[in-house]
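Taking it in order: structure first as structure tokens, then the write-up.
Keep in mind it's a predicted model, so treat the numbers as computed, not measured. All ligand and atom numbering here is 1-based and tracks the order in the structure.
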Amino acid sequence: MKLAKNLDRLGTESAFSILAEAKKVEAQGKEMIYLGLGQPDFKSPKHVVDAAKKALDDGHHGYVLSNGILECRQAVTRKIKKLYNKDVDPERVMIMPGGKPTMFFAISMFGEPGSEIIFPTPGFPIYESMINYSGAKAVPYDILKEKDLKFDPEKILSLITDKTRLLIIINPNNPTGSFVEKPAIDFLAEGLKKHPHVTILSDEIYSRQIYDNKEMPTFFNYPDLQDRLIVLDGWSKAYSMTGWRLGWSVWPENLIPHVNRLAVNSFSCVNAAAQYAGIAALDGPDDFIHNMMKEFNVRRKLVTDGLNNIPGIECPMPGGAFYVFPKVIGTGMNGSEFTKKCMYEAGVAIVPGTAFGSTAKDYIRISFAASQDNISKALEKIKKMLG
Ligand code: PMP
């Protein structure tokens, strides 16, 4: 069997393999607390589940449009109007099977040997994986060097060359939970006006998960960039719908035919019942999100304070998402050693920093999408493990 060479360059998301490993250890009789995977530990809202059931009862069993049913795309544009007061044509919206296909498609569209794509490190691992797969040069901006792990727009702009085709921004960030506020994004957007050859992929999947009543600095705010802006968002995190595989993205008009062809060549369309559920989520009340964020806020403080009280661990308070990204090298272990010991000795599943980029070897990621009880227990176990 002779396989294509580019397969060797495709990376992965190790949070899934860590989950599999932790399940094995648990099956051998060890109690395990899961703080690895990035998904809210809440049930999807009832009115959302009911809408999907109704859609199935009503007979929505067949293929639908490859870019998504019009009602779902319109619900997306209504929500964008409500949240950001921006008008978006539903013809620029794509309904996707999750957030990931948007990055897969965007990077496939722009990446090829000879081109450059700028991306965050540590960052969501699929960016670097897909850039390498495409054959483009992966140009990282390292946020570990920055205060509170927030990216520096000036440094990002300095990386742009005439070969740059795509710039990937994620805010709030996975894995660090760091959140960059509007003035810095304004600066970045202003600088990008001078580089019209660069398309922007703004991953805003954590847009509804920002603490301390801060405003989401969406890239929809910049009219001058709209003809080269791709915004990735979706239902997974905001509505606790990771398993539904439902996401949306907004694309420049000229890219829509290309995205549509990629969709038809791969998944055809997103399942109809999930899209009706998505409409119910977007049009329904936001109480679910507010309640979830209230709970996440308590856990955020619990986990950050708890970790900072352990000698050798330094943990910045995250401004968004549901992750903390502490430096653990002060314990005498790097992130991978710490992660292994946590799983096999303490029975706590976490992810090493290197799962998100090679420079993050002194760090770990902890997801606080777990009950306060389990977070407290995990902190106790880690403390005990460190003696
Ligand atoms: N972007 C980021 C930054 C993420 O963390 C994730 C999920 N962990 C996604 C996109 C993908 O979301 P989905 O599960 O909807 O594909």
Subject >> Within the 4.0 Å heavy-atom sphere of ligand 1, strictly under, residues >> reply: Gly98, Gly99, Lys100, Met103, Phe124, Tyr127, Ile170, Asn174, Asp203, Ile205, Tyr206, Ser236, Lys237, Arg245

**OP:** Would you list the pairs meeting side chain to side chain donor-acceptor pair (under 3.5 Å) in which at least one residue belongs to residues 178-194, sequence neighbours left out?
**Re:** Thr176-Ser178, Glu181-Lys214, Lys182-Asp186, Asp186-Tyr222, Glu190-Lys193, Lys193-Asp224

Subject >> Counterpart residues, side chain to side chain contact (heavy atoms under 4.5 Å, CB included), relative to Lys43 (two or more places apart) >> reply: none

Subject >> Phe220 six-ring face occupied by Lys81 cation (under 6.0 Å, within 45°) >> reply: no

Subject >> Tyr211 six-ring centre to Arg300 NZ/CZ under 6.0 Å and within 45° of normal >> reply: yes

**OP:** Pick out which of Arg208, Arg78, Met216 makes a side-chain contact (heavy atoms from CB on, under 4.5 Å) with Leu83.
**Re:** Arg208

Subject >> Asp58: partners by salt bridge (charged side-chain N to carboxylate O under 4.0 Å, His left out), with sequence neighbours left out >> reply: Lys54

